[in-house]
Amino acid sequence: MIYCKKCLTTDLRPNALFYDQICIACQFSDVEASETFNVKLNILKDKIKKTKQNKKSDYDCIIGVSGGKDSSRQAHWVRDRLGLRPLLVCGAYPPRQMSQVGANNLSNLIKMGFDLIVATPAPQSASHLSLESFIKFGNIAKSTEMSLFSTVPRLAIELGINTIFWGENPALQVGDSAVEGNDPFDGNSLRNLNTLTDGGNSWIHDCLAKKHLQDHYIYPEKLEFDKKHINIFYLGPAWDDWSNDNNALYAALQGLELRPGEESITGDISNASMLDEQFIHINFMLKYYKYGFGLATDFINQRIRAQIISRDEGIKIVEQFDGVCSEEIIKDYCMYVGITSIDFWNIANKWTNKKLFNIQKGKRPIKKFKVGTDYAC
Ligand SMILES: [Zn+2]
């Protein structure tokens with residue numbers, strides 16, 4: 001496992017790309033610093049102008065939202081700075097999974113004067129597919145993420161709205177090279193996201209067919225995008241101050257409810273992400289056991305690139321919080337999908353990287369490596 005010389009990204013991250021031992025996210029942040037805000041804003045405006053618009057629609061664009069910290073900032077910015085009429089679309093969690101904080105935050109968006117469509121998968125299929133994707137891929141949120149990313153373009157196609165905005169560009173923010181587009185705003189390669197491509201679609205087709213369900217979990221084909229002139233743009237690169245910390249601050253001022261003091265339960269050092277449900281923290285923990293990095297690494301990398309903290313300070317925080325997820329959250333998930341906690345750990349252990357962790361039957365794995373130091377595996 002090789003670490004980026006500037007941040008704490010490793011070559012075990014899916015689709016990681018390094019030049020001279022520096023990850024693409026760090027490379028981009030150096031380029032970004034040299035471009036001014038107005039130049040970037042004008043590039044985005046030009047790109048939007050060139051996009052074919054459906055004049056008959058009541059909306060100019062769709063913004064994919066979760067009700068979390070990025071959503072209100074995106075919605076205000078598109079309406080007030082770009083002067084567009086946005087429709088917000090949320091691929092939400094079923095009621096049994098969604099937190100009260102998440103529901104309150106969606107209500108807050110409507111109160112601020114935005115139109116919002118919420119699409120929710122049926123709870124039975126959602127829990128069934130979560131367990132299937134845990135067993136098959138070691139990822140409890142794969143089906144949920146597929147539904148979340150697919151709902152937005154499916155609705156854009158159905159409603160005839162050509163422009164879609166997402167927030168962060170995963171290539172630039174976390175270094176996923178598979179989704180790199182022609183420029184920092186180009187989101188049309190989102191279909192290559194690891195969670196949408198890994199394992200293909202046939203497993204989910206099979207599960208859904210058995211239950212006679214519609215497959216709104218499947219991302220629309222490129223042909224459908226082209227036929228309807230659908231274009232996806234990332235907003236994150238247009239902002240000099242786009243970061244988890246800044247977005248949380250902005251959203252809190254707009255009425256977003258946070259989860260203060262819960263970092264030792266959720267592992268989320270920002271207390272401001274994934275507010276709409278808590279099973280996602282299990283997934284960050286599983287990612288940590290699979291690849292050796294978790295949610296804290298992603299946050300700390302941004303802070304290192306923004307020169308808020310040093311790499312050495314970051315290592316101490318990542319050592320403490322990567323992989324944290326309370327037994328309580330795991331117990332709730334086991335009840336949700338109908339397994340015991342011993343079953344849970346036996347499945348999780350199957351997906352754990354044995355070179356990075358020692359396995360204990362029916363229990364949590366134990367870490368063998370040191371964060372920030374290259375490790376032979
Ligand atoms: Zn880096």
Side-chain angles (χ1 to χ4, degrees), residues 1-35 40 70 166-187 189-190 192-195 234-248 267-270 272-273 283-285 287-324 353 355-356 367 369-377:
M1 179 166 69
I2 311 284
Y3 279 90
C4 168
K5 278 199 290 193
K6 290 198 166 183
C7 72
L8 298 172
T9 293
T10 79
D11 61 343
L12 295 186
R13 176 187 288 279
N15 304 320
L17 196 58
F18 285 67
Y19 298 102
D20 297 330
Q21 288 184 45
I22 295 173
C23 73
I24 54 166
C26 283
Q27 309 248 0
F28 174 76
S29 79
D30 288 344
V31 177
E32 192 190 31
S34 65
E35 286 185 30
K40 286 191 283 183
D70 301 346
W166 284 105
E168 69 174 58
N169 178 339
L172 309 180
Q173 200 159 31
V174 297
D176 185 340
S177 66
V179 295
E180 239 185 321
N182 293 325
D183 60 58
F185 302 107
D186 179 7
S189 304
L190 194 66
N192 302 330
L193 206 60
N194 187 51
T195 199
Y234 297 118
L235 291 170
W239 289 328
D240 284 353
D241 60 347
W242 174 278
S243 71
N244 286 311
D245 294 335
N246 286 337
N247 293 0
D268 171 17
I269 55 172
S270 76
S273 56
N283 228 43
F284 286 113
M285 175 189 75
K287 193 160 96 173
Y288 170 68
Y289 291 133
K290 259 180 171 175
Y291 303 116
F293 72 92
L295 186 60
T297 296
D298 286 341
F299 286 149
I300 289 301
N301 282 344
Q302 280 194 21
R303 291 182 193 172
I304 294 172
R305 284 180 209 126
Q307 298 176 354
I308 295 166
I309 58 169
S310 69
R311 191 173 182 275
D312 285 345
E313 286 168 318
I315 288 172
K316 284 186 211 146
I317 301 171
V318 168
E319 282 280 8
Q320 192 181 349
F321 290 105
D322 252 1
V324 166
N353 185 328
K355 290 175 181 160
L356 298 178
K367 178 168 83 81
F369 62 96
K370 261 182 79 180
V371 173
T373 307
D374 293 350
Y375 183 79
C377 61

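Both counts, for ligands and for their atoms, begin at 1 and track the order of listing.
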Taken in chain and number order and not counting sequence neighbours, the residues that satisfy side-chain contact (heavy atoms from CB on, under 4.5 Å) with Ser310 are Asp312, Glu313
Test side-chain contact (heavy atoms from CB on, under 4.5 Å) applied to Lys6 - qualifying residues, sequence neighbours left out = Cys4, Ile22, Cys26, Asp30
Partners passing salt bridge (Lys or Arg N to Asp or Glu O under 4.0 Å) against Asp11 (at least two apart in sequence or in another chain) = none
Would you say the side chain of Lys316 lies within less than 4.5 Å of the side chain of Ile309, judging by non-hydrogen atoms?
-> no
What protein atoms of element N, O or S are positioned under 2.8 Å from the Zn ion (ligand 1)?
-> Cys4 SG, Cys7 SG, Cys23 SG, Cys26 SG
Which value, rounded to the nearest 0.5 Å, describes the distance between Ile2 atom CD1 and Thr10 atom OG1?
-> 9.0 Å
Using a 4.5 Å cut-off on heavy atoms from C-beta on, say whether the side chain of Leu12 contacts that of Asn353.
-> yes
